[in-house]
S.K.: 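Dumping the structure here so I can ask a few things about it.
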Amino acid sequence: MRKSRFSESQIIGIIKEHEAGAKVADLCRRHGISAPTLYNWKAKYGGLEVSEAKRLRALEEENRRLKKLLAEQVLDNAALKDLVGKNF
């Protein structure tokens with residue numbers, strides 16, 4: 001996945017500007033983002049504080065790592081079952 005140009009704290013700052021009443025077009029022009037990006041960020045990070053966003057990022061990373069481990073275990077298990085099935 002591509003790394004964002006903006007950190008969680010910057011994203012939350014931009015969202016707070018929008019919630020304070022700044023116009024979407026002005027925000028997008030000033031920060032160099034598109035309107036859909038702003039709305040995607042608002043859907044994901046809306047209502048979060050910086051510490052909560054960092055916790056969310058850490059949980060997403062842990063979830064990704066655990067899914068990878070599970071996939072590797074399932075693959076190993078299937079290979080072992082094939083090996084045992086062919087020997088007997």
Side-chain angles (χ1 to χ4, degrees):
M1 189 168 94
R2 186 173 164 262
K3 186 179 182 307
S4 175
R5 295 185 319 179
F6 298 93
S7 67
E8 287 96 359
S9 58
Q10 291 172 323
I11 292 170
I12 291 173
I14 293 169
I15 292 170
K16 288 191 187 279
E17 284 182 53
H18 175 64
E19 290 171 351
K23 294 184 179 179
V24 174
D26 294 337
L27 277 175
C28 292
R29 190 176 315 110
R30 189 173 342 127
H31 296 287
I33 59 173
S34 65
T37 299
L38 178 66
Y39 289 118
N40 285 337
W41 285 351
K42 191 171 179 184
K44 185 172 182 179
Y45 296 106
L48 293 180
E49 294 298 322
V50 176
S51 61
E52 294 168 337
K54 287 183 181 182
R55 174 92 173 120
L56 175 67
R57 175 69 59 104
L59 287 173
E60 287 174 344
E61 177 63 27
E62 182 182 8
N63 192 27
R64 184 196 60 76
R65 188 179 52 81
L66 290 173
K67 283 183 179 181
K68 183 179 176 185
L69 285 174
L70 178 65
E72 289 172 355
Q73 281 297 103
V74 168
L75 214 79
D76 289 344
N77 194 8
L80 288 173
K81 283 184 179 179
D82 281 347
L83 185 65
V84 168
K86 290 180 182 177
N87 285 341
F88 296 109

S.K.: Rounded to the nearest 0.5 Å, how far apart are CZ of Arg64 and CD of Glu60?
M.R.: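 Those atoms lie 11.0 Å apart.
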S.K.: Who else is in Leu70's hydrophobic cluster (ILVMFWY, side-chain heavy atoms under 4.5 Å, direct or via others)?
M.R.: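 When side chains under 4.5 Å apart are linked, the cluster holding Leu70 also contains Val74.
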S.K.: Scan the side chains in residues 32-39 for donor-acceptor partners under 3.5 Å anywhere in the protein, sequence neighbours excluded, and list what turns up.
M.R.:
from, atom 1, to, atom 2, distance (Å)
Ser34, OG, Thr37, N, 3.4
Ser34, OG, Thr37, OG1, 2.9

S.K.: If I take atom CG from residue Leu56 and atom NZ from residue Lys54, how far apart are they, to the nearest 0.5 angstrom?
M.R.: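 So the gap between those two atoms works out to 13.0 Å.
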S.K.: Kindly state each residue pair satisfying ring pair (Phe, Tyr, Trp, His ring centres under 6.0 Å) with at least one member in residues 43-76, sequence neighbours excluded.
M.R.: none
S.K.: In a table with atom names and distances, give each donor-acceptor pair under 3.5 Å that connects a side chain of residues 9-31 to protein atoms at least two apart or in another chain.
M.R.:
from, atom 1, to, atom 2, distance (Å)
Ser9, OG, Ser7, OG, 3.0
Gln10, OE1, Ser7, N, 2.8
Lys16, NZ, Glu49, OE2, 3.3
Glu17, OE1, Arg30, NH1, 2.5
Glu17, OE2, His31, NE2, 3.4
His18, NE2, Lys42, NZ, 3.4
Asp26, OD1, Arg29, NH1, 3.3

S.K.: For Leu69, enumerate each residue passing the side-chain contact (heavy atoms from CB on, under 4.5 Å) test, keeping only those at least two apart in sequence or located in another chain.
M.R.: Arg65, Leu66, Glu72
S.K.: I'd like to check the side-chain contact (heavy atoms from CB on, under 4.5 Å) partners of Leu59; sequence neighbours left out, ordered by chain and number.
M.R.: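 With sequence neighbours excluded, Leu59 shows a side-chain contact (heavy atoms from CB on, under 4.5 Å) to Arg55, Glu62, given in chain and number order.
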